[in-house]
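Every heavy atom of this structure was used, including side-chain atoms; hydrogens, water molecules and symmetry mates were not. Lettering follows sequence order; numbering is per chain, from 1.
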There are 2 protein chains.
Amino acid sequence: MNQSVSKATLGRLPMYLSYLKSIPTKEVTNISAASIAEALNLHPVQVRKDLALISEGGKPKTGYVAENLLRDLEKFLGYNNVNCAVIVGVGHLGQALMSYEGFSQYGLKIVATFDVKDTLIDKEIHGKKVFSIDKIPYLCPRLCANIGIITVPAEAAQSVCDKLVEAGIRAIWNFAPVILNVPEGILVQNENMAASLAVLSNHLSETMNKS
Amino acid sequence: MNQSVSKATLGRLPMYLSYLKSIPTKEVTNISAASIAEALNLHPVQVRKDLALISEGGKPKTGYVAENLLRDLEKFLGYNNVNCAVIVGVGHLGQALMSYEGFSQYGLKIVATFDVKDTLIDKEIHGKKVFSIDKIPYLCPRLCANIGIITVPAEAAQSVCDKLVEAGIRAIWNFAPVILNVPEGILVQNENMAASLAVLSNHLSETMNKS
DNA sequence: TACAAATCGATATTTTTATATCGATAAAAA
DNA sequence: TTTTTATCGATATAAAAATATCGATTTGTA
């Protein structure tokens, strides 16, 4: 178990977790891949394959022990451990993320924010102080930050990324619409809102033409 | 051109657009797939294949005409047309999205927000009034909303989705960690923050163990 | 105890996506 | 005019992901 779980799978694991949390484990002690698949609109085989990667495995006829599965998922996803993150780019999106308090439930803690704009630096926004980008090398190691959230414009993203990596950041959550270049061992997770909107917008214009 | 562009491609198109916008079209009139690929850390062949789907095509030796490419991308992505959207679920995430003013650049306009909580209904948050979820069937058609943004907890997502679809919504941007069931012709775009965090968190715990 | 039903896990197949190869062509240089 | 070079587009291959198939195993029941 636990060796090179694909990103696609990794994306479904939180769904399983959230689903298991939503059912009363007291009543439902056992649960089958088929019923999970049914509830989440997935393919049963896919569910089995995903779960096989992170859990002890189920038994024929009875399925999985819900409680164990829940424990395995939580352990694997590591929502219990706290990870410290910094946000670089205090624009609209950055501020939106700063104000979002739901991160804590996934074990994410925003410990500092950075920007280049003089009008922002040293101000406090959503209870978090904004530092100059020049302070990244100093502050990131000191605050033990290991996740960098990039919300700067596309053209600035790569240079910010380089700074973060140099400051010891090991995982990057990138909201800028570029593919970042990073050394081996650093993970980049792209959260491309523009891409999502493109998909939506494209669908609308396509169906518009049809009707 | 323009027939069944894959989601993966659709995700890269905004990158091309953002890149083209970032270079001075006055100076650079022609641009090659190779140089775009270089700038965005993509594969040249991939860029050519993507662009072939939405553009007139380039010429050997010279590449693509930057201006035309930009026009084709904008036209295809439809950022010029305004699409009206509603947000359902005025929790932390919903409020964060409500306060995000960057959507307008993609032609997205939030025209209403909904929630079930009495303490929120009829209040004004970030300049937008919150309505009762019961008003979805009435307000969505009236406001010509065709995109629904779902930011409710996982267990409520499907029922909200059904309501939206019934109210004429044709595309759904889903932030809840569930796969939604929709009739033929309705698009669901999943924006799973939990999934992204899972990827980050998993990477950190994996590299942690190694070192 | 024997049999039927449910469900898993392993292997195989299909589909989708990404990458490689190569001939064709347009522009520039000889 | 011929040759060289950059670049595209088409076709082919490889890799990744999703889905199907099927034998094996456990539990409950006759």
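- With a 4.5 Å cut-off on side-chain heavy atoms, A:Met15 and A:Ser18 do not count as touching.
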Mark up nucleotides 14-30 of chain C, 5' to 3', with B wherever a protein heavy atom is under 4.0 angstrom from a base atom, S wherever such an atom reaches only the sugar-phosphate, and - elsewhere.
---SSBB----BBS---
Test B:Tyr106 against B:Trp173 for ring-ring contact (aromatic ring centres under 6.0 Å, His included), laying out the working first.
CA-CA 14 Å; B:Tyr106 304 114; B:Trp173 201 5; 9.2 Å; no
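- At whole-Å resolution of the value, CG in A:Leu53 and P in D:dA17 are 12 Å apart.
- Ion pairing of A:Lys21 with A:Glu74 is present here, as a side-chain N (NZ or NE/NH1/NH2) and a carboxylate O approach within less than 4.0 Å.
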Stepwise side-chain contact (heavy atoms from CB on, under 4.5 Å) test for A:Thr113 and A:Phe131:
CA-CA 6 Å; A:Thr113 72; A:Phe131 295 98; 5.6 Å; no
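- Checked by atom type, the side-chain pair B:Gln46/B:Asp50 shows no donor-acceptor distance below 3.5 Å.
- Side chain of B:His203 to backbone of A:Ile172: no donor-acceptor contact under 3.5 angstrom is found.
- When all heavy atoms are compared, the tightest approach of A:Phe103 to B:Leu197 is CD2-CD1, 4.0 Å.
- Checking C:dA30 for Watson-Crick or G-U wobble geometry (two distances, each under 3.5 Å) identifies D:dT1 as its partner.
- Between A:Asn41 atom CG and D:dT19 atom C1' the separation is 16 Å, expressed in whole Å.
- A heavy atom closer than 4.0 Å to some atom of DNA chain D occurs in no member of residues 180-191 of chain A.
- Straight-line distance from the CD atom of A:Glu38 to the P atom of C:dA6: 15 Å, rounded to whole Å.
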Determine whether A:Ser196 and B:Glu191 satisfy the following criterion, side chain to side chain donor-acceptor pair (under 3.5 Å), listing intermediate values before the conclusion.
CA-CA 8 Å; A:Ser196 299; B:Glu191 195 78 40; 2.4 Å; yes
